[in-house]
Each structure stands twice: as structure tokens, then as C-alpha cells.
Amino acid sequence: MSRDTGPDWSTRDRAPGGKPRVIIIGAGVGGMATGCYAQMSGMETRIFEKHVLPGGCCTAWSREGYIFDYCIEWLIGTGAGNDANQVWRELGALDGKTITNFDVFNKVVDEKGRSVTFYNDPDRLERHLLEISPVDAPLIRSFCRDLRRFININLYPFLKPPPLKTPREKVRTLLAVLPAFRLFWRTAATQMHTFADKFQDPLLRRAFRNIFFQDHELFPLLPYLFNMAGAYNHNAGFPQGGSLGLSRSIEERYTSLGGVITYRTRVDRVLIEDGRAVGVELKGGARHYADHIISACDGYTTIYGLLDGRYTSPRIDKLYNDMLNKPGILYPGVVSAFVGIKGDFDPDDAHSTTYLLSGEGTELPSALQNSLVVQLRSRYADGFAPPGKSVIHCTYFSDFTYWKTLRSSNRREYWEQKRKVADFVRGFLERRYPGIGERIELVNVASPATTERYTGNFNGSILAWKAFSDADDLVTKLVNKDRMRLPGLHGFSMAGQWAGMGGLIRTASTGRFVTQYLCEELGLEFKAWESSGHEAWHRDKLGHLPQLNEWPVK
């Protein structure tokens with residue numbers, strides 16, 4: 001939608017008996033999910049989004065016919081018969097789409113060419129790992145035994161926040177959790193680093209840390225087992241259309257329910273009267289009023305920018321003062337190098353491989369870990385490359401401050417470092433796939449500073465708070481105890497990844513949660529139903545894709 005479309009909410013008054021009006025800041029997955037559920041529950045909503053696309057980090061861009069899909073590597077909830085899938089069906093996110101499922105979660109290769117393939121099938125995985133290191137049999141069998149147990153668990157708590165559950169619902173949840181309580185407790189209490197360090201084989205010690213493509217450092221065993229089990233059950237696949245496709249589908253669902261998104265529109269501040277949020281002021285001075293305001297954009301910007309830091313609490317202060325810059329609490333920034341090539345790859349090549357680096361890793365600008373992830377993105381879904389061509393996505397964790405400082409103080413050097421990334425990737429791929437250099441048509445590099453520019457995410461973080469970090473308990477209390485509100489401020493709530501701990505399904509669930517809290521306050525019945533869209537997905541549904549840089553790194 002254009003900048004000037006949308007209902008006239010420039011005055012405080014609404015028609016007697018009219019629907020409650022809700023303004024949502026940010027058209028990421030969390031913001032649009034909030035809009036969908038609020039529309040279904042009898043509210044009138046509109047979303048203001050500063051970018052030209054929906055989705056926030058769940059996005060893509062284009063160059064010379066290639067589509068560079070930025071976000072999704074796997075999506076919890078792609079299989080039928082669970083609560084996560086119900087959320088996506090309600091949001092229309094999977095309408096008309098095929099799902100790609102892989103037998104392998106990730107492959108890890110060391111500097112000498114030794115490799116570990118993390119099959120989702122625990123029997124196949126166990127046989128493979130025992131061939132690599134028979135001496136590590138007890139640890140291998142323990143991990144695979146736990147994976148089998150997780151495969152038999154169907155627990156996705158994304159439909160209702162605990163404070164709103166009825167006694168019967170709480171009992172049902174308890175009965176589902178109890179049989180696996182010791183499994184959950186033990187795997188959540190065991191750090192992956194602690195577990196991996198017990199392996200005698202040095203490759204296994206390093207490889208287990210990189211099951212999720214890169215080393216997530218503070219993660220315990222539980223999320224690895226949970227997600228691999230989901231992949232085995234075909235409930236962690238890749239949806240046709242990818243990241244922007246998911247966002248466009250939710251956007252379509254939202255607008256079909258009567259919601260309005262106004263793009264290229266930045267909210268500068270929340271308007272407050274007598275301790276109540278009553279509207280927003282846009283860049284340029286226009287004001288729009290509503291009964292309730294929900295911020296689904298960057299958490300720090302919301303609290304200390306839109307609200308001037310006036311509404312905090314010990315919990316908020318600890319999160320955004322103590323935790324925000326504490327090592328290991330936020331997901332780091334990511335450098336992405338998309339490579340467009342002529343032709344395809346050997347069908348036996350893994351769709352995703354983490355290469356462990358030693359000395360050559362120091363050549364990557366501001367690399368936080370000595371590894372490079374190489375994903376054959378054309379294997380994930382059709383349409384990411386022109387006919388007869390393919391897309392590779394290479395990534396590594398990197399320091400936001402390094403890139404932000406360069407871009408602000410020395411633009412020429414900033415571009416030079418991006419070219420250095422491109423050159424490294426070209427050389428690296430040529431060593432792994434001899435002759436590929438002649439087939440490379442372009443390399444496009446995005447830095448953490450790029451992420452911050454286009455999404456507003458603090459420090460270019462891709463997923464906000466890390467689950468299982470010291471921030472986890474605080475964010476959980478913000479949802480369950482504070483009910484997604486801020487102290488001393490009525491008529492205002494928070495949703496999105498900063499309110500729900502990263503991950504797309506958790507981000508989407510914050511929209512469901514915040515709407516249920518709002519329905520309780522307004523005396524409305526919360527309603528949700530599955531989308532009935534059945535039109536087959538096609539590439540044209542992505543719409544116009546922007547180009548991130550004026551000068552691609554070729």
C-alpha cells in the first residue's frame with residue numbers, strides 16, 4: 001500500500017458503537033500476526049511500517065533475476081496436527097504452498113575434509129556417528145536415544161499464554177509435560193558445550209556445536225533435539241516462497257480480514273495523555289489516534305525512543321540496561337554473501353554445510369567464529385534463480401559495531417571489506433567446487449549494518465534475545481506476569497520478537513497472546529479461524545523486490 005492510504009484516524013472520536021481501534025507499529029511477522037488476530041476478534045486495526053516490504057528480517061531481495069532469501073532455514077509448524085501449524089494456518093502463512101523437507105539437518109566439515117552428517121533419523125545418525133568414532137559410543141547412543149524420545153513428543157505451546165488458560169487447559173498441559181518432565185529438565189540443564197566436550201573424537205567435539213549451522217554457544221541440548229525431532233516428523237520444513245513468501249502470505253491474510261498497512265511511514269513517538277497511550281505521531285508530524293497501541297518493532301527503540309524511557313520497571317531495566325550488551329545474550333549480527341551461479345550442483349551435495357576453518361578463517365572481516373556456512377538455497381524451493389541457474393547463501397556471525405563504525409566513518413573502506421568477503425567466498429567455493437569460479441555471475445554481500453538499516457533491530461541482531469540465556473526468564477515474565485504491558489502506561493502493549501524470544505513461530509504467537517490479553521480487557525471474545533486460501537503459490541506473489549545496494553559486489 002502507498003503512504004497515503006488508510007482510514008482517517010486523525011481525530012480522537014470514533015462512531016458510537018464502532019469497533020475498538022488498534023494501531024500496530026511494525027509490519028514484521030509479529031505485527032501482522034497481531035493485526036490478523038485483532039481483526040478476527042472484532043477490532044479495527046492499521047499497521048505503520050517504515051520499510052517498503054512486510055516481514056522485517058523475514059524478507060528477501062533480488063538481483064538480476066536471482067532471489068536472495070534472507071531468513072528461514074527451517075520453520076517449526078510446517079507439518080499438520082500440532083498447535084504451531086494451527087497458528088500458521090490461521091495466519092494463512094502456508095496457503096497454497098508445498099513444503100521441502102530434508103533428511104539431513106546439517107553437515108559439518110573440518111579443515112582436513114573429515115565430515116559429520118547430522119541425519120534427522122536417529123537410527124541412521126547413530127550408525128553414522130559410531131562409524132566415525134566407536135570409542136564415543138555411550139555419548140552417541142545417549143544423544144540418539146533422547147532424539148527418539150523427542151520424536152514422540154507433540155508439545156507446541158503457542159496458542160494461549162499460561163495466565164489465560166482455564167484449569168482444564170492447565171491440567172491438559174501438565175499431563176502432556178509430566179511424562180517427559182525429566183527429559184526436558186535434563187536436556188535443558190545440560191549445555192551443548194559441556195556435552196560436546198566429552199567426545200574423544202575432536203571432530204565430534206566441534207561438529208555437535210554446529211548442528212544449528214553455527215555455534216550458538218549458550219544453548220543446551222534441548223533445542224537441538226527438539227528441532228531435529230521436528231525435522232524428522234516433517235514439522236520443520238521449508239515453505240515454498242521462502243521468507244518473503246511467508247511474509248507476503250500473512251500480509252495477504254491480514255488485508256483480506258480488512259486490515260490496512262501503510263508502508264514508508266515511520267512512527268516517531270507514541271502520544272500519551274494522563275498515563276494512557278492514545279495515538280502515534282509519524283515522521284512529518286501527522287497524528288493518528290486509537291484505543292490501543294501495540295509496538296511490534298525493535299524493543300530498545302520502543303522503550304527508549306518512542307516512549308522516551310518513561311515507562312520502565314526493574315525487569316525492563318535489567319533487560320535493556322544489563323542484558324542488552326552482555327556477551328551471549330543477543331543473537332549476533334550475520335554477514336550474508338549470496339552467490340548466483342550458472343548450472344546446478346551434484347544431487348548428493350548436502351543442502352547445508354558448515355565448514356570449520358583455521359587460519360583461512362582470519363581472512364573473513366570481523367568473523368566471530370572460525371566457520372563458514374554454505375547453503376545451496378536453490379535446493380530449498382523453486383524460483384530462487386533463473387532457469388538453469390542456482391543460488392548459494394554463505395553466512396557467518398560477525399560484530400555489528402565493526403560494520404556500523406565502518407559504514408558511518410569510512411564508506412569506501414566499508415565497501416572494500418564487503419568486497420573482501422566476496423573475494424573470500426569466491427576463492428573458498430573454487431577450492432571446494434573446482435571450476436565454479438567460471439560459473440559465478442554475481443556475489444551480493446549484506447552486513448549486520450544492513451540489517452539494522454532495513455529493520456531497525458538493535459545491533460543488527462537477527463533474532464533478538466537468545467533463548468535459554470539469562471534474558472529468557474525475564475522475557476517470559478514480561479509475557480506472563482506483565483501481560484505484555486509496561487508499568488504505569490495504559491492502552492499500550494508490546495509484541496514481536498523482542499517480546500517473545502526470536503524464532504518465527506514464537507514471534508507469531510506473540511500476536512495471538514497480545515490479542516487475547518486485549519480481548520480480555522475490552523470484553524471481546526477472542527476469535528481465530530484457519531485461512532481458506534487455496535490458490536497455488538507462485539513467484540509473482542512476492543511482488544516487487546527492492547535492491548539493497550546501489551552497487552552489487554561483482
Heavy-atom nearest pair, Ile211 first then Asn106, reads O-CB, 3.4 Å
On a heavy-atom basis, the closest approach of Ile293 and Ala277 is CG1-CB, 3.9 Å
Shortest non-hydrogen pair, Pro332 vs Leu368, comes out as CB-CD1, 3.8 Å
Applied to residues 318-331, the side-chain hydrogen bond (donor to acceptor under 3.5 Å, both in side chains) test, sequence neighbours excluded, yields Lys326-Asp470
Contacts satisfying side-chain hydrogen bond (donor to acceptor under 3.5 Å, both in side chains) that involve residues 457-469 (not counting sequence neighbours) are Asn457-Gln497
request  = Determine yes or no for a side-chain-to-main-chain donor-acceptor pair under 3.5 angstrom, with Asn444 supplying the side chain and Phe338 the backbone.
outcome  = no
Expected output: side-chain Arg205 to main-chain Phe199 donor-acceptor under 3.5 Å: yes
Side chain to side chain donor-acceptor pair (under 3.5 Å) filter on Asn227, not counting sequence neighbours, yields Trp74
Salt bridge (Lys or Arg N to Asp or Glu O under 4.0 Å) filter on Lys389, not counting sequence neighbours, yields Glu441
Centre of Tyr380's six-membered ring, under 6.0 Å away, within 45 degrees of the axis: is that where NZ or CZ of Arg377 sits? yes
- Just do the side-chain contact (heavy atoms from CB on, under 4.5 Å) check on Leu94 and Trp537 with the steps written out, would you? CA-CA 9 Å; Leu94 304 178; Trp537 173 262; over 6 Å; no
- Flag side-chain contact, heavy atom, 4.5 Å: Tyr224 against Phe118: no
**Message:** Salt bridge check, Asp482 against Arg315: does any charged N sit closer than 4.0 Å to a carboxylate O?
**Reply:** yes
Can you confirm if the aromatic rings of Tyr454 and His51 lie within a centre distance of less than 6.0 Å? yes
| query | Is the closest side-chain heavy-atom distance between Phe238 and Leu75 below 4.5 Å? | reply | no
Exercise for the section: Report the C-alpha separation of Ile25 and Val270 in whole Å, then their side-chain angles, then the decisive distance to 0.1 Å, and conclude whether the side-chain contact (heavy atoms from CB on, under 4.5 Å) test is met. Expected result: CA-CA 10 Å; Ile25 306 169; Val270 175; 4.2 Å; yes
- Message: Is there a side-chain contact (heavy atoms from CB on, under 4.5 Å) between Thr78 and Trp88? Walk through the geometry before answering.
- Response: CA-CA 8 Å; Thr78 54; Trp88 294 130; 5.9 Å; no
Worksheet item: Run the side-chain contact (heavy atoms from CB on, under 4.5 Å) check on Glu363 and Leu357 step by step: do they pass?
Response: CA-CA 10 Å; Glu363 300 173 28; Leu357 310 175; over 6 Å; no
Just checking, any donor-acceptor pair under 3.5 angstrom between side chains of Tyr70 and Thr451?
yes
Sorted by chain and residue number, the salt bridge (Lys or Arg N to Asp or Glu O under 4.0 Å) partners of Arg431 (sequence neighbours excluded) come out as Glu360
Between Arg407 and Ala449 the two heavy atoms that sit nearest each other are CD-CB, 4.3 Å
Closest non-hydrogen contact found for Ser295 with Thr302 is OG-OG1, 2.6 Å
Q. Is a side-chain N or O of Asp215 found less than 3.5 angstrom from the main chain of Asn210, in a donor-acceptor match?
A. no
Taking the side chain as everything from C-beta on, heavy atoms only, tell me whether Pro54 gets closer than 4.5 Å to Tyr263.
yes
Value for CG (Leu218) from CZ (Phe468), rounded to nearest 0.5 Å, stands at 11.5 Å
Donor-acceptor pair between Tyr156 and Asn235 side chains, under 3.5 angstrom: yes
- When you measure from the side chain of Lys418 to the backbone N and O of Val445, does any donor-acceptor pair fall under 3.5 Å? yes
Residues pairing under salt bridge (Lys or Arg N to Asp or Glu O under 4.0 Å) where one sits in residues 504-514, two or more places apart or in two chains, turn out to be Glu90-Arg512
_For Phe212 and His216, take the angle between the two ring planes, folded into 0 to 90°, and tell me which bin it lands in: parallel under 30, tilted 30 to 60, perpendicular over 60._
perpendicular
Main chain of Ser243, side chain of Asp69: is a donor-acceptor contact present, judged purely on distance under 3.5 Å? yes
Taken in chain and number order and not counting sequence neighbours, the residues that satisfy side chain to side chain donor-acceptor pair (under 3.5 Å) with Tyr355 are none
Contacts satisfying salt bridge (Lys or Arg N to Asp or Glu O under 4.0 Å) that involve residues 189-199 (not counting sequence neighbours) are Asp197-Arg209
**OP:** Check for a donor-acceptor pair, side chain of Ser398 on one end and backbone N or O of Ser366 on the other, with a separation under 3.5 Å.
**Re:** yes
Side chain to side chain donor-acceptor pair (under 3.5 Å) filter on Arg379, not counting sequence neighbours, yields none
By salt bridge (Lys or Arg N to Asp or Glu O under 4.0 Å), Arg114 pairs with (sequence neighbours left out) Asp201
One should read off an interatomic distance between Leu246 CG and Thr59 OG1, to the nearest 0.5 angstrom, of 11.5 Å
Does the side chain of Met501 come within less than 4.5 Å of Asp472's, by heavy atoms? yes
Q | Ring centres under 6.0 angstrom apart (Tyr311, Phe492) | A | no
inquiry  = For Asn410, I'd like to know if atom CG has over 12 heavy atoms of other residues, nucleotides or ligands within 6.0 Å.
reply    = yes
Side chains of Thr455 and Asp298: does their closest heavy-atom pair fall under 4.5 Å? no
Heavy-atom nearest pair, Tyr37 first then Ala508, reads CE1-O, 4.5 Å
Where the side chain of Ser408 meets the backbone of Lys404, is there a donor-acceptor pair that is under 3.5 Å apart?
yes
Is there a side-chain contact between Val374 and Cys394, using heavy atoms and a 4.5 Å cut-off?
yes
Using a 4.5 Å cut-off on heavy atoms from C-beta on, say whether the side chain of Val335 contacts that of Thr395.
no
d(Ile67 CD1, Phe384 CZ) to nearest 0.5 Å is 6.5 Å
Applying salt bridge (Lys or Arg N to Asp or Glu O under 4.0 Å) to Lys97 and not counting sequence neighbours gives none
dist Gln214:CD -> Thr354:OG1 (nearest 0.5 Å) comes out at 7.0 Å
Query raised in the report: Between Arg426 and Val339, is there a donor-acceptor pair closer than 3.5 Å when you use the side chain of the first and the backbone of the second?
Result: no
- Between Asp473 and Lys477, is there a salt bridge with N-O shorter than 4.0 Å? yes
(message) Quick one, Tyr396 and Asn370 - any side-chain contact, counting heavy atoms below 4.5 Å?
(response) no
Across all chains, not counting sequence neighbours, the side chain to side chain donor-acceptor pair (under 3.5 Å) partners of Thr312 are Asp317
The reported gap from CH2 in Trp498 to OG1 in Thr507 (rounded to nearest 0.5 angstrom) is 11.0 Å
Rounded to the nearest 0.5 Å, the CD atom of Gln375 sits from the OG atom of Ser352 at a distance of 4.0 Å
Hey, what's the ring geometry for Phe150 with Phe226, parallel, tilted or perpendicular (30° and 60° as the breaks)?
perpendicular
